[in-house]
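Encoded as structure tokens, the structure appears first; notes follow it.
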2 protein chains.
Amino acid sequence: MSNPNPSADSSNFALGRLRALLDDTASDGEQRLPPERVLAAQIGIGRRALRRALEVLEAEGRIWRHQGKGTFVGSRPDHTPTNLEELSKRTHPLEVMDVRLEIEPALARLAAMRATNGDIERLLRLAEKTASSSDADGRELWDSALHRTIAEAAGNSLLLAIFDMVDRIRQDTTWRLLRERARSGERQQIYVEQHRRVIAAIAQREAHAAEHAMREHLELVREGLLKVMTTPLPDRMDGQISEAPVTANTKKERRHGT
Amino acid sequence: MSNPNPSADSSNFALGRLRALLDDTASDGEQRLPPERVLAAQIGIGRRALRRALEVLEAEGRIWRHQGKGTFVGSRPDHTPTNLEELSKRTHPLEVMDVRLEIEPALARLAAMRATNGDIERLLRLAEKTASSSDADGRELWDSALHRTIAEAAGNSLLLAIFDMVDRIRQDTTWRLLRERARSGERQQIYVEQHRRVIAAIAQREAHAAEHAMREHLELVREGLLKVMTTPLPDRMDGQISEAPVTANTKKERRHGT
DNA sequence: TCCTGAACCAATTTGCAAGTGGTTCAGTGA
DNA sequence: TCACTGAACCACTTGCAAATTGGTTCAGGA
């Protein structure tokens with residue numbers, strides 16, 4: 001009679017031993033299990049059998065393992081990525097645009113309310129230079145400076161820190177080609193005009209108009225990004241982008257259909 | 001004839017040499033200056049005189065130095081504090097509330113649009129527990145969990161990361177007393193009711209209602225915080241202002257000008 | 001067929017050394 | 001007396017190699 005269960009004798013034996021061990025360590029503060037090699041020797045089985053048992057326990061959520069770190073009792077810690085690299089990796093460009101659509105209109109509104117005259121002067125100068133720059137890199141730089149100056153003018157250091165965080169992710173090299181394509185052509189002129197409108201509203205202290213103008217601008221940017229992403233290049237630029245579906249899934253539970 | 005200027009001959013000589021050096025390196029891409037010991041030997045003066053000259057240049061903003069790194073030409077890079085400690089230090093509680101007022105209504109709206117059934121179940125359970133908890137710590141925990149669950153349900157990992165960042169700053173111990181006072185008394189019951197409204201709107205997929213309810217809630221929280229902050233406690237909670245006069249003299253003799 | 005032992009790969013942590021600015025101190029010379 | 005020098009030490013940063021650990025593959029045995 002064939003055994004459909006892949007876990008066999010040694011693994012089952014190890015499972016029992018390990019469960020008992022976990023029950024013991026649960027009461028203690030000990031969270032770390034011995035290395036696999038040591039543990040296998042202690043129990044008296046091979047490492048492969050031990051690993052099969054550990055896989056079961058990990059699937060049950062009673063332990064978690066990480067290469068180079070070790071095996072630990074309990075559920076895997078929540079690891080909300082706080083460093084930019086990881087955030088960049090697992091953040092979809094559209095997610096970034098959604099965040100910008102929430103943050104930057106608010107920044108524009110606050111800037112209209114609280115910008116100093118110096119801020120407004122700087123914004124006006126930036127608007128001129130943005131329009132006059134010809135190459136893509138120049139546009140990119142002026143555009144970035146413009147948005148950041150608005151964020152500074154909003155006068156909230158925490159919001160500014162958030163803006164910088166989002167901006168750094170946005171400038172990740174992964175999406176550079178994407179952005180260049182999204183801002184090429186006649187869109188650029190519309191962007192310049194939209195920038196003018198935002199700055200004019202800020203200069204005239206019209207908070208609501210500034211917020212609205214910024215939202216309109218970002219929605220067009222988002223639309224351009226969307227269009228570029230859905231029409232793949234002749235040469236593939238990256239596997240990560242086309243691979244991901246529309247929205248990013250923080251967990252696997254998130255809705256699939258229905 | 002006495003020289004009132006503390007910087008004397010060698011330092012001034014070094015200043016001239018260094019300014020010339022800076023003018024040269026300005027054209028090049030070189031940003032890093034040789035180590036102080038090397039530079040001092042090159043110029044032919046002692047390290048102390050060199051450091052005095054470097055202090056002048058640093059004050060002028062032409063160079064910047066950092067222990068363990070080196071001395072560099074140009075202005076110090078924009079160290080936007082990305083770590084939480086520094087952000088916490090220089091962020092005012094009202095700034096945090098302003099940010100929450102921008103972020104969390106958006107999160108509630110997105111949650112109403114994208115929450116899974118599992119999310120909604122969790123929210124409903126949390127609402128019950130929040131109401132039933134009696135002590136201040138318990139309320140704090142459930143409240144925090146509730147807001148974070150909404151942030152998770154919004155389904156945008158970047159927004160979630162931002163929420164966590166703000167939340168960690170908010171939970172800084174500096175404001176713990178403040179928050180306890182702000183949520184004491186009859187306000188707590190209003191908060192519970194407001195939470196119910198937010199969750200109900202999310203459960204019924206009414207995005208606009210969820211956003212509005214969350215904003216209303218946070219505006220009340222903000223108002224409570226404001227009220228608490230403007231009515232100082234009988235016992236001072238900040239030890240920083242009344243600084244101990246005795247201890248601090250480890251470095252220099254402080255001039256006690258009588 | 002399953003397990004073992006061994007070997008190798010990859011990620012992480014740790015320890016150490018070198019290099020740097022920051023500081024103090026005794027000595028030197030005008 | 002004053003400013004400077006040289007030396008020594010401290011504190012911070014970086015880079016690298018070794019050790020540790022989980023992840024994987026493979027030949028061999030019961």
Side-chain angles (χ1 to χ4, degrees), chain A residues 1-15 17-18 30-59 62-73 76-77 79 81 83 85-86 89, chain B residues 1-15 17-18 30-59 62-73 76-77 79 82-83 85-86 248-254:
Chain A
M1 154 177 170
S2 65
N3 188 357
N5 192 341
S7 59
D9 294 346
S10 293
S11 295
N12 279 329
F13 172 67
L15 254 181
R17 289 288 301 270
L18 285 175
E30 288 304 320
Q31 282 194 334
R32 183 171 198 165
L33 257 50
E36 291 185 354
R37 292 162 178 83
V38 175
L39 201 53
Q42 281 181 1
I43 300 180
I45 58 173
R47 198 172 156 223
R48 175 165 175 177
L50 172 68
R51 282 182 56 74
R52 189 139 44 206
L54 289 176
E55 283 166 11
V56 175
L57 293 174
E58 187 176 25
R62 301 197 55 175
I63 63 169
W64 63 276
R65 303 180 284 174
H66 191 94
Q67 185 174 347
K69 285 185 176 177
T71 305
F72 302 86
V73 183
R76 186 183 306 274
H79 190 41
N83 62 61
E85 283 185 27
E86 286 196 35
K89 281 181 197 166
Chain B
M1 154 174 167
S2 67
N3 188 357
N5 193 341
S7 60
D9 294 346
S10 292
S11 295
N12 279 330
F13 173 66
L15 254 180
R17 291 286 302 267
L18 286 174
E30 289 304 319
Q31 282 194 334
R32 183 172 199 165
L33 256 49
E36 291 185 354
R37 292 160 177 84
V38 176
L39 202 51
Q42 282 182 0
I43 300 181
I45 58 171
R47 198 170 157 224
R48 177 165 175 176
L50 171 68
R51 283 181 55 74
R52 189 139 45 204
L54 289 176
E55 283 166 12
V56 175
L57 292 174
E58 187 177 26
R62 301 197 56 175
I63 63 169
W64 62 276
R65 304 181 284 175
H66 190 92
Q67 187 173 347
K69 285 185 177 176
T71 305
F72 302 86
V73 183
R76 172 176 269 101
H79 178 43
T82 178
N83 61 60
E85 283 184 26
E86 286 194 35
N249 287 346
T250 55
K251 284 186 180 178
K252 298 178 185 176
E253 248 185 328
R254 185 173 307 186

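Side-chain atoms are counted along with the backbone in the values below, which use heavy atoms only and exclude waters and symmetry mates. The chains referred to below are lettered A, B, ... by the order of the sequence lines, with proteins before strands, and numbering in each begins at 1.
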To the nearest angstrom, how far is [X] atom [atom1] from [N] atom [atom2]?
X: B:Leu50; N: C:dG21; atom1: CG; atom2: P; result: 9 Å
X: A:Leu33; N: D:dG22; atom1: CG; atom2: C1'; result: 13 Å
X: B:Arg52; N: C:dG21; atom1: CZ; atom2: P; result: 18 Å
X: B:Phe72; N: D:dT13; atom1: CZ; atom2: P; result: 12 Å
X: A:Ile63; N: D:dT21; atom1: CD1; atom2: P; result: 15 Å

If the cut-off is 4.0 Å, is A:Thr71 near the phosphate of D:dT21, judged by side-chain N/O to OP1 or OP2?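 No, because none of the side-chain N or O atoms of A:Thr71 sits under 4.0 Å from OP1 or OP2 of D:dT21.
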Under 4.0 angstrom between B:Arg65 side-chain N/O and C:dG22 OP1 or OP2: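 Affirmative; the distance criterion is met.
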Nucleotide by nucleotide, 5' to 3', does protein get under 4.0 Å of the base (B), only the sugar-phosphate (S), or neither (-) in nucleotides 24-30 of chain D, counting heavy atoms? B------
How many angstroms lie between [atom1] in [X] and [atom2] in [Y], if you round to the nearest 0.5 Å?
X: A:Leu57; Y: A:Ile63; atom1: CG; atom2: CD1; answer: 5.0 Å
X: A:Ile45; Y: A:Arg48; atom1: CD1; atom2: CZ; answer: 12.5 Å
X: A:Arg62; Y: A:Leu54; atom1: CZ; atom2: CG; answer: 12.0 Å

Donor-acceptor contact present, side-chain A:Arg32 to main-chain A:Lys69, <3.5 Å: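 Yes, the answer is positive, given that a donor and an acceptor are paired below the 3.5 Å cut-off.
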Check whether any side-chain N or O of A:Arg51 sits under 3.5 Å from a backbone N or O of A:Gly46 as a donor-acceptor pair, and report yes or no.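 No: the side chain of A:Arg51 does not pair with the backbone of A:Gly46.
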Search all heavy atoms of [X] against all heavy atoms of [Y] and return the closest pair with its distance.
X: A:Glu58; Y: A:Arg65; value: OE1-NH2, 3.1 Å
X: B:Leu18; Y: B:Ala53; value: CD1-CB, 3.8 Å
X: B:Trp64; Y: B:Val73; value: NE1-O, 4.4 Å
X: B:Leu50; Y: B:Ala40; value: CD2-N, 3.6 Å

Could you tell me whether the side chain of B:Arg37 has a donor or acceptor atom within less than 3.5 Å of a complementary atom in the base of C:dG21?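 Answer yes: a donor N or O sits under 3.5 Å from an acceptor.
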Polar-atom pairs under 3.5 Å, protein N or O versus N or O of nucleotides 10-13 of chain C: list them with distances, or write none.
unit_1, atom_1, unit_2, atom_2, d
C:dA10, O4', A:Gln67, NE2, 3.4
C:dA10, N3, A:Gln67, NE2, 2.6
C:dA11, O4', A:Gln67, NE2, 3.4
C:dT12, OP1, A:His66, NE2, 3.3

